[in-house]
Amino acid sequence: EPQPQDGVVCAYSESDIVLLAQLINKEASATYDGKLAVGSCVLNRANANGQTISQVIYSPGQFSTCWSLGYYTQTDYDAALQILTYGSTDTRIYYFDGCHPGCVNWFYDGSHNYLYAA
């Protein structure tokens, strides 16, 4: 089981978990690792910029699906809860591209350097 990380977890509410789960459903690949990485991206930005989960998700020009959120699965919710409870699975992630061949996301650091696909 993941362990909480000092200084990584921001304050969150049930509505934050649901909002992050909804974004994960729209933006992340089908893999659980991909869902965790998308959630990590949001949490990393929130912590780095002193923002809430909602502020990150609704920042202009960041997540094109933010205006059509609604549906999420239990797996999406579990990934969001894990990220908000235990912290980012990779504190380097600040950006990602949507599904590429094989329906994976490509993840990047704060300088837009490619990290990996999940």
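For clarity, every value in this text was computed on a predicted model and none was experimentally measured. These numbers come from the heavy atoms of this one structure, side chains and all, not from hydrogens, waters or symmetry mates. Throughout, numbering of the chain's residues begins at 1 and tracks the sequence.
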What distance do [X] atom [atom1] and [Y] atom [atom2] have between them, rounded to the nearest 0.5 Å?
{"X": "Asn47", "Y": "Ser88", "atom1": "CG", "atom2": "OG", "value": "8.5 Å"}
{"X": "Leu23", "Y": "Lys26", "atom1": "CG", "atom2": "NZ", "value": "10.0 Å"}
{"X": "Lys35", "Y": "Asp33", "atom1": "NZ", "atom2": "CG", "value": "11.0 Å"}

Problem - Thr85 side chain to Gln82 backbone, donor-acceptor under 3.5 Å - result: no
Problem - Donor-acceptor contact below 3.5 Å, side chain Asn44 vs main chain Ile93 - result: yes
How about [X] and [Y]: do any of their side-chain heavy atoms sit closer than 4.5 Å?
{"X": "Ser40", "Y": "Arg92", "value": "no"}
{"X": "Thr52", "Y": "Val56", "value": "no"}
{"X": "Ile57", "Y": "Gln62", "value": "no"}

Practice task
Check the pair Arg45 / Tyr95 against side chain to side chain contact (heavy atoms under 4.5 Å, CB included), numbers first and verdict last.
Solution key: CA-CA 9 Å; Arg45 289 185 192 183; Tyr95 303 101; 3.3 Å; yes
List for me each residue that meets side-chain contact (heavy atoms from CB on, under 4.5 Å) alongside [X], sequence neighbours excluded, and say none if there are none.
{"X": "Ser15", "value": "Ser13"}
{"X": "Phe96", "value": "Glu27, Val38, Cys41, Phe63, Asn105, Phe107"}
{"X": "Thr73", "value": "Asn25, Tyr71, Thr75, Asp76"}

Problem - Flag for Thr31-Ser29: side-chain donor and acceptor within less than 3.5 Å - result: yes
Practice task
State, without any angle test, whether Gln74 and Asp78 hold a side-chain donor-acceptor pair at a distance under 3.5 Å.
Solution key: yes
Handout entry: ring-ring contact (aromatic ring centres under 6.0 Å, His included) contacts in which one or both residues fall within residues 24-51, not counting sequence neighbours
Key = none
Handout entry: Pairs touching residues 35-62 that satisfy ring-ring contact (aromatic ring centres under 6.0 Å, His included), sequence neighbours left out
Key = Tyr58-Trp67
Completion exercise
Of Val42, Ile17, Ile83, the one forming a side-chain contact (heavy atoms from CB on, under 4.5 Å) with Ile53 is Val42
Handout entry: Evaluation steps, side chain to side chain contact (heavy atoms under 4.5 Å, CB included), between Tyr108 and Asp97
Key = CA-CA 8 Å; Tyr108 303 87; Asp97 286 337; 3.0 Å; yes
Handout entry: Tyr72 vs Ile24, side chain to side chain contact (heavy atoms under 4.5 Å, CB included): CA-CA, chis, key distance, verdict
Key = CA-CA 8 Å; Tyr72 63 93; Ile24 286 170; over 6 Å; no
What donor-acceptor contacts under 3.5 angstrom involve side-chain atoms of residues 109-118, with partners at least two apart or in another chain?
| residue | atom | partner | partner atom | Å |
| --- | --- | --- | --- | --- |
| Asp109 | OD1 | Ser111 | N | 2.9 |
| Asp109 | OD1 | His112 | N | 3.1 |
| Asp109 | OD1 | Asn113 | N | 2.8 |
| Asp109 | OD1 | Asn113 | ND2 | 3.4 |
| Asp109 | OD2 | Asn113 | ND2 | 3.2 |
| Tyr114 | OH | Ala117 | N | 3.1 |
| Tyr116 | OH | Asp90 | OD2 | 3.2 |

Exercise for the section: Identify the heavy atoms of Gly50 and Gln55 that sit nearest to each other, and give their distance. Expected result: O-OE1, 4.4 Å
